[in-house]
Amino acid sequence: MPPSFADVILPVPIPKMFTYRIPRSLESSVGIGYRVIVQFGKKKVLTGIIGKVHKKPPKEYEAKPILDLLDDYPVVNPLQIKFWFWMAEYYCCHIGEVMNAALPTGLKLSSESKIQLNPKFDFVSNEFPIDDREQVILDALESKDELSYEDCGKLLGVKSSYAIIKSLVLKEAVLVYEQVKEKYSPKVESRIKLTEPYTSSKEELEKLFEQISKKPKQEEILLKYLQEVPVHKFPEKNKNGLDKKTITDAGLSLSSLKTLIKNKVLEEFKVVISRFDELAGYDHPIELADFQEEGLQNIKTEFEQKQTVLLHGITGSGKTEIYIKLIQEVLESGSQVLLLLPEIALTTQIVSRLQKVFGSQMGIFHSKYSDNERVEVWQGVLSGRFSFVVGVRSSVFLPFDSLGMVIVDEEHEASYKQFDPAPRFQARDAAIMLSWLHQSKTLLGSATPSFESFYNARMKKYGYVHLNKRFGEAQLPEYHLSDILVDKKKNLLKLDFTRLMREKIQEALNQQEQALIFQNRRGYAPYMSCEECGWIPECEHCDVSLTYHQYSEEMRCHYCGFKEKVPRACPACGSHKLTTVGMGTERIAESLSLLFPEARIGRMDLDTTRSKYAYQKILEDFGAGNLDILVGTQMITKGLDFDRVTVVGIVDADRILYFPDFRAGERAFQQITQVAGRAGRRNRHGSVVIQTRKPDNDIFHQIIQGNYEHFYINEMSERQRFFYPPFVKTLKITTKHKEIKIAERASKHLSNLLKDIPVKKIILGPEKALIGKIKNQYLFDILIKLDKSNNAPALFKHELAMVLEELKSQKDFKSVRFTVDVDPY
DNA sequence: AGCACGCCGACT
DNA sequence: GTCGGCGTGCTC
């Protein structure tokens, strides 16, 4: 038998797999998707995933052997591997980067170099002298068995301890070895149980009680145990024992418990438990209104023809109920279901709603979950415990093996697109691909579909179902446009609130109703400015002004996290007249508390929801009526469904509308409609107040009339004329370097090379990026608009990859970073 | 991305 | 003189 080889995917940004030899001993037990340990480079040990198994020995090098197998089952299935490769190709990144994003951290291992004393080392008759710094390391190793390179560096106060360690190795004083650590640790519970003979014989137990009658604390524990676990009535219950916590929580003595264990009366044992509670789903039937039932039937009919269906349902039309029906059917047929939600909707009512129906067969995949929790969701899908997962963007990577349906709720949400580390994927689009690989169906749901999806629906690529009724007696809210400039002239603008806005909020407060105030900017004020000379504090490392955060008395950069104290005086002219310009949520909340001193005001934005349950806490407070007004960013537009909200205020609609991006209009329509949808659900009618400087902008009237289609047609003619998506495919390449000249030159050079690629396209730029400098790196953008026909995008990407490889190998551009963003936002 | 090797400046 | 800065090349 010739030897077998495995192409292993490793978490390194190199565009290929690495071929390793499969040792005979592992030959029968490995395959695609297994986690393996391999040596990479001189000593680094990494975990990788087998992407392919074959018999072709590599010609140019000797393959190293696979060192070990981590599990006795594949962690990733072949469908996922296909999906990874598709993603790497489509989003122009490396397979290792996809793997990195796909595997929960807990399943990734990497080794750490450790040093230990060489037991053979003879300190006395040592032929080489040990210097002071080496001695420090050796002394430290006297008390600790092992040290990492980092520990050594800290000990010596130097950045790199490499040279010293190398010298010690040479002198044979220490040994270097690699330690791989499994990051995932199961949650264990300590339990106790009664030992023999006390379990089987009542007499023995009685004897025992006599013996310990003088030790009341021990007696107490024993009584507690027997009360919780009636051993003699139900002998089998002893096997499972009792959680140790039950004893300690009852305030009983831990040391007495230890004595009982030491005396072999009780026995301690450990069990692995789940991090998720078992919840029973109630099977209460979901009642659909006639129009929802009709929608459901239409979806099914569309699915007969199309793989993907767009469900266009206005806010309050009850899309969730339709989802539930569909999910139930798919689950009953034995297939799996994935429901994608935008991150910020995941902690809300929809999840608890679903949990009530689906109980513990439903897994939740959160971005705030710990690494261990993520591994458990992963394992849960693998083992079949979860046949249904509700999750964020990254849950498309879970190890499903037989998806029957993927639902993407709020399909238009920009947060489905990942920007920063590669893969820069759009989860909605990836979900459609994933679903296709499973030969399953995809349902996209939205009240304000993305133009891409709506376009696909109109082109008959997707099926289309429209729900335009609201459930129950819910009415659409009444819109009011409030002109900021008019009020300002008449001196009616108080603390940035127009008279109409203040009146509406006051009315709500008078009626014990609630108000939601939307402002898409966190912090106190976007920036500060000197009244005398116009100086504006800017970030030292980025090309942006610093945001003023009042609460922490700081100026912060939202791009690199840089912060500094608020300047006392203007460094340019010495003036003390520094004022804040513009408004963030923090300032809005402050203004409201001045305008409505009696109101209880809450704020919800990135700064107030950093901790795991902060979001839920604020929502619960609001839901319970402990708050009258909630101020927030986008976060408040999602999944909130509170009866008492009758007023929704948009403080600065122009900020959304006049954004330098071709999608600004689309986004404004979506955002305003979404926030507005929070007003007056059920039988109360609500008001939406929009503050703007240009109330006659046509877009407002289309939003008010809810005329999505009209709006769409208008905007699309513009997009067609100027070659914007969805008429073309776009691709953005950012060039980054710490020297502006080099960054610019590299970008120019690249754009010239791209011009030669024989594909129908438009190349724009290079141009200084919107934010020209971030973290001391200068950025230049090239935007490419690709013809969608004839496979042009794929051809172009292929050529691009080669051009980039070539460019990177030129020595002038060695340290230049290129990032490719396909379908950027 | 790490990590090792190699070639130059500022210090005991 | 050396330490240690980081530029460059390589990883099956």
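The sequence lines fix the lettering, A, B, ..., with proteins before strands; numbering per chain opens at 1.
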Looking across every strand, which nucleic acid part, if any, lies under 4.0 Å from A:Y20 by heavy atom: base, sugar-phosphate, or nothing?
-> sugar-phosphate
Looking across every strand, which nucleic acid part, if any, lies under 4.0 Å from A:P58 by heavy atom: base, sugar-phosphate, or nothing?
-> nothing
Could you please name the option among [options] that lies closest to any side-chain atom of [X]?
X: A:K814; options: C:dC12, B:dA1, C:dG9; value: C:dG9
X: A:I14; options: C:dG7, C:dC12, C:dT11; value: C:dT11
X: A:F18; options: C:dC12, B:dC3, B:dC5; value: C:dC12

Is any side-chain nitrogen or oxygen of A:K44 closer than 4.0 Å to OP1 or OP2 of B:dC3?
-> yes
Calculate the interatomic distance between [X] atom [atom1] and [N] atom [atom2]; express it in whole Å.
X: A:E60; N: C:dC10; atom1: CD; atom2: P; result: 14 Å
X: A:H94; N: C:dC10; atom1: NE2; atom2: P; result: 17 Å
X: A:D420; N: B:dA1; atom1: CG; atom2: C1'; result: 15 Å
X: A:E805; N: C:dC10; atom1: CD; atom2: P; result: 14 Å
X: A:I66; N: C:dC12; atom1: CD1; atom2: C1'; result: 11 Å
X: A:L10; N: B:dC3; atom1: CG; atom2: P; result: 14 Å
X: A:E62; N: C:dT11; atom1: CD; atom2: C1'; result: 16 Å
X: A:Q39; N: C:dC12; atom1: CD; atom2: P; result: 7 Å

When A:V12 and A:K42 are each assigned the nearest nucleotide of DNA chain B, the 5'-most assignment goes to A:V12
Mark yes or no: A:K797 above the aromatic ring of A:Y90, with NZ or CZ under 6.0 Å from the six-membered ring centre and no more than 45 degrees from the axis.
-> yes
Pairing residues for A:D821 by the side-chain hydrogen bond (donor to acceptor under 3.5 Å, both in side chains) criterion, not counting sequence neighbours | A:K417
More than 12 heavy atoms from other groups under 6.0 Å of NZ on A:K748 = no
Partner set under salt bridge (Lys or Arg N to Asp or Glu O under 4.0 Å) for A:E27, not counting sequence neighbours | A:R24
If we only count heavy atoms from C-beta on, is the A:H549 to A:R522 side-chain gap below 4.5 Å?
-> yes
